[in-house]
Amino acid sequence: VARNRIGIFGSTGSIGVSTLDVLARHPDRFSVEVLVAHSRVEPLFEQIKRFRPAVVGLVDADRRAALEERLASLPAVHRPAVVVGQAAVDELAGEASLDTVVAAVVGTAGLGSTWKALAAGKRVLLANKESLVAAGELMLDVARRAGATLLPIDSEHNAIFQCLPADEAAVVGRGGLVSDSREIERLVLTASGGPFRERPLADFADITPEQACAHPNWSMGRKISVDSATMMNKGLEVIEAARLFGVSADRIEVLVHPESVIHSMVRFVDGSVIAELGEPDMRTPIAHALAWPERIESGVAPLDFGALAGLHFESPDPERFPALRLAFEALAAGGAMPLVLNAANEVAVGAFLERRIGFMDIPAALEAAMAHFVGDAAIGAPMSVEAVLAADDQVRDWTAAWCRSRHG
Ligand code: NDP
Ligand code: MG
């Protein structure tokens, strides 16, 4: 049988590396055709040597010479073609030489490639939640029209997907799923609560980027680590779940579960609750999505129930984590409000990581941006990718100015 041809957009990141780890275990089943990074040539070159893709994409043109120099040391038959620049790299996602695209770029920067892959009707493994939050219905629409298969890698959404009845799972990513179902009562997204679940609120202003990036259970890129610390990550995931599974905000529940063993659950009308459990390791959802509807080994150790001290649950604290409330508000408001929330968050997280604003300025920036753009007709509900990106830029500019004024 022909191997499934994979392209990884964001291969040098945390999700990209985990994906390659799973793929390396199944060389007869998958071939790595395309690897894409932004600018980090060293890890990209190591991946090229090991996986021998036909094409590599490098977004940052200034790093081209550094990559070419390294490639020159390889035998000519092992040298991939090099594509440079955001637009050209994004085009690769729609190439006929790919069966599956792993969308693992961080932020709205992933929208272009994710969109191209969906429009080309590919199987898309979605980690890049920001693009789905920003482009919403438009993105699902293009997936539907092109007959693409959209499979969630985000652990919560992958868990919910696994808990759905098989006939419903088959149409996931095409919208209207749970809302049409008379069997499903609601979705329960679990959250670890991040590193500051028990930190006194009075000390939140002193939180440093290093503290925010040290997640207790999951090892992840810096942006999503800060999102986990503010619980904006869960907010983005609430919107992601609403989009993917076609549910309204009132049918999504967030439950803090510090052990991260239950990755999410579905409540059914008869009182049954179905959960997916496992070690907190992204290779499990990645392997699931790669092989679906089959199963393959992921390298993740079996869950050791004897080693668990217990499973705990609590409600999220609205004072510590205002970002979660803002996400529910953005979802209820609809239109471009999730886009505004997401774009403001990317800018505020960047400013926090550069120590230009404090930790609690992040939710303050989101709240300010939402209040500012709520009545902005120009931003409306964007009707094309170009309009999404233009609105995204507009919110970024506004939020950057807000962050500067905050700093004084
Ligand atoms: P990382 O920061 O670790 O990696 C980001 C990757 O994207 C890198 O390969 C980076 O390249 C590349 N990249 C950055 N900008 C661009 C661009 N403009 N065009 C193309 N590639 C680009 O992020 P994560 O792996 O942690 O997260 C990726 C996505 O997955 C995010 O949307 C996140 O929310 C989601 N996610 C992550 C989880 C995790 O466990 N990490 C869990 C669930 C979801 P370079 O290395 O050259 O900078
Ligand atoms: Mg998640």
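We count ligands from 1, going down the list as the structure has it; atoms in each ligand are counted the same way.
- Counting the atoms of ligand 1 from 1 in the order shown, those under 4.0 Å from a heavy atom of Asn128 are 32 (O).
- Between Asp21 and Arg25, at least one side-chain N (NZ, or NE/NH1/NH2) sits under 4.0 Å from a carboxylate O, which counts as a salt bridge.
- Residue Met282 approaches ligand 1 through these ligand atoms, each under 4.0 Å from one of its heavy atoms: 40 (O), 42 (C), 43 (C).
- Between Glu130 and Lys223 there is a side-chain heavy-atom pair separated by less than 4.5 Å.
- Annotation: atom 32 (O) of ligand 1 to nearest protein heavy atom, Glu130 OE1, 2.6 Å.
- Here is the list of ligand 1 atoms found below 4.0 Å of a heavy atom in Ser39: 45 (P), 47 (O).
- Closest to atom 20 (C) of ligand 1, if we only count protein heavy atoms, is Val59 CG2, 3.4 Å.
- A salt bridge does not link Glu33 with Arg5: none of the charged nitrogens is closer than 4.0 Å to a carboxylate oxygen.
- Between Gly221 and ligand 1, an N or O atom pair is found at a separation short of 3.5 Å.
- Ranking protein heavy atoms by distance to atom 5 (C) of ligand 1, first place goes to Val106 CG1, 3.8 Å.
- A cation-pi arrangement is not found for Arg325 relative to Phe328, the charged atom failing to lie both closer than 6.0 Å to the ring centre and inside a 45° cone about the ring normal.
- Of all the heavy atoms of Arg40, the ones lying under 4.0 Å from any atom of ligand 1 are found in both the backbone and the side chain.
- Look at Gly16 and you'll find every heavy atom at least 4.0 Å from all atoms of ligand 1.
- Nearest protein heavy-atom contact of atom 35 (C) of ligand 1 is Ala127 O, 3.1 Å.
- Here the side chain of Ser73 pairs a donor or acceptor atom with the backbone of Arg70 at under 3.5 angstrom.
- For atom 44 (C) of ligand 1, the choice among Lys129, His215, Glu42 with the nearest heavy atom turns out to be Lys129.
- Shortest distance from the Mg ion (ligand 2) to Glu156 is reached at OE1 (N/O/S atoms only).
- Annotation: Met220 places no N or O atom under 3.5 Å from an N or O atom of ligand 1; distance criterion only.
- Considering only non-hydrogen protein atoms, atom 13 (N) of ligand 1 sits nearest to His38 CB, 3.6 Å.
- Looking at Ile224, Val102, Val105 and measuring to atom 29 (C) of ligand 1, the nearest heavy atom belongs to Val105.
- Using modelled atom types, no side-chain atom of Glu259 and backbone atom of Leu308 make a donor-acceptor pair closer than 3.5 Å.
- Protein heavy atom at the shortest distance from atom 27 (O) of ligand 1 is Ile15 CG1, 4.2 Å.
- In this structure, the side chains of Thr230 and Phe359 come closer than 4.5 Å at one or more pairs of heavy atoms.
- For the residue pair Asn158 and Ser155, no side-chain donor N or O sits within less than 3.5 Å of a side-chain acceptor on the partner.
- Side chain of Asp393 to backbone of Ala390: no donor-acceptor contact under 3.5 angstrom is found.
- Of all the listed residues (Gly112, Pro43, Ser14), Ser14 holds the heavy atom that lies closest to atom 24 (P) of ligand 1.
- Every atom of ligand 1 is numbered from 1 in the order shown, and the set under 4.0 Å from a heavy atom of Ala37 is 11 (O), 47 (O).
- A salt bridge links Arg355 to Glu210: at least one charged side-chain nitrogen sits closer than 4.0 Å to a carboxylate oxygen.
- Of the polar atoms of Ser155, none of the N or O atoms is found under 3.5 Å from an N or O of ligand 1, judged by distance alone.
- Against a heavy-atom cut-off of under 4.0 Å, Gln86 is close to the following atoms of ligand 1: 17 (C), 18 (N), 19 (N).
- Looking at Asp154 and the Mg ion (ligand 2) together, the shortest N, O or S contact belongs to OD1.
- Within the structure, ligand 1 lacks Lys223 among the residues with a heavy atom less than 4.0 angstrom away.
- The pair Asp141-Arg144 meets the salt-bridge criterion, since a charged nitrogen lies less than 4.0 angstrom from a carboxylate oxygen.
- The minimum heavy-atom distance linking Ser39 with Leu58 is given by the pair CA-CD1, 4.0 Å.
- Under 4.0 Å from ligand 1, the heavy atoms of Ala104 that appear belong solely to its backbone.
- Both the backbone and the side chain of Thr12 come within 4.0 Å of ligand 1, counting heavy atoms alone.
- Of the candidates Gly85, Ser11, Gly13, the one placing a heavy atom closest to atom 4 (O) of ligand 1 is Gly13.
- Glu237 has its closest N, O or S atom to the Mg ion (ligand 2) at the position named OE2.
- Remark: minimum distance from atom 12 (C) of ligand 1 to any protein heavy atom is reached at Gly10 CA, 3.9 Å.
- At distances below 3.5 Å, at least one donor-acceptor pair connects side-chain atoms of Arg243 with backbone N or O atoms of Val133.
- Ionic pairing of Arg251 and Glu185 is not present here: no N-O contact between side-chain nitrogen and carboxylate oxygen is shorter than 4.0 angstrom.
- What you find for Ile153 and Ala289 is that their closest heavy atoms are CG1-CB, 4.4 Å.
- His263 places a side-chain N or O within donor-acceptor distance of the main-chain N or O of Gly278, the cut-off being under 3.5 Å.
- At the top of the distance list for atom 43 (C) of ligand 1, counting protein heavy atoms only, stands Asp154 OD1, 3.2 Å.
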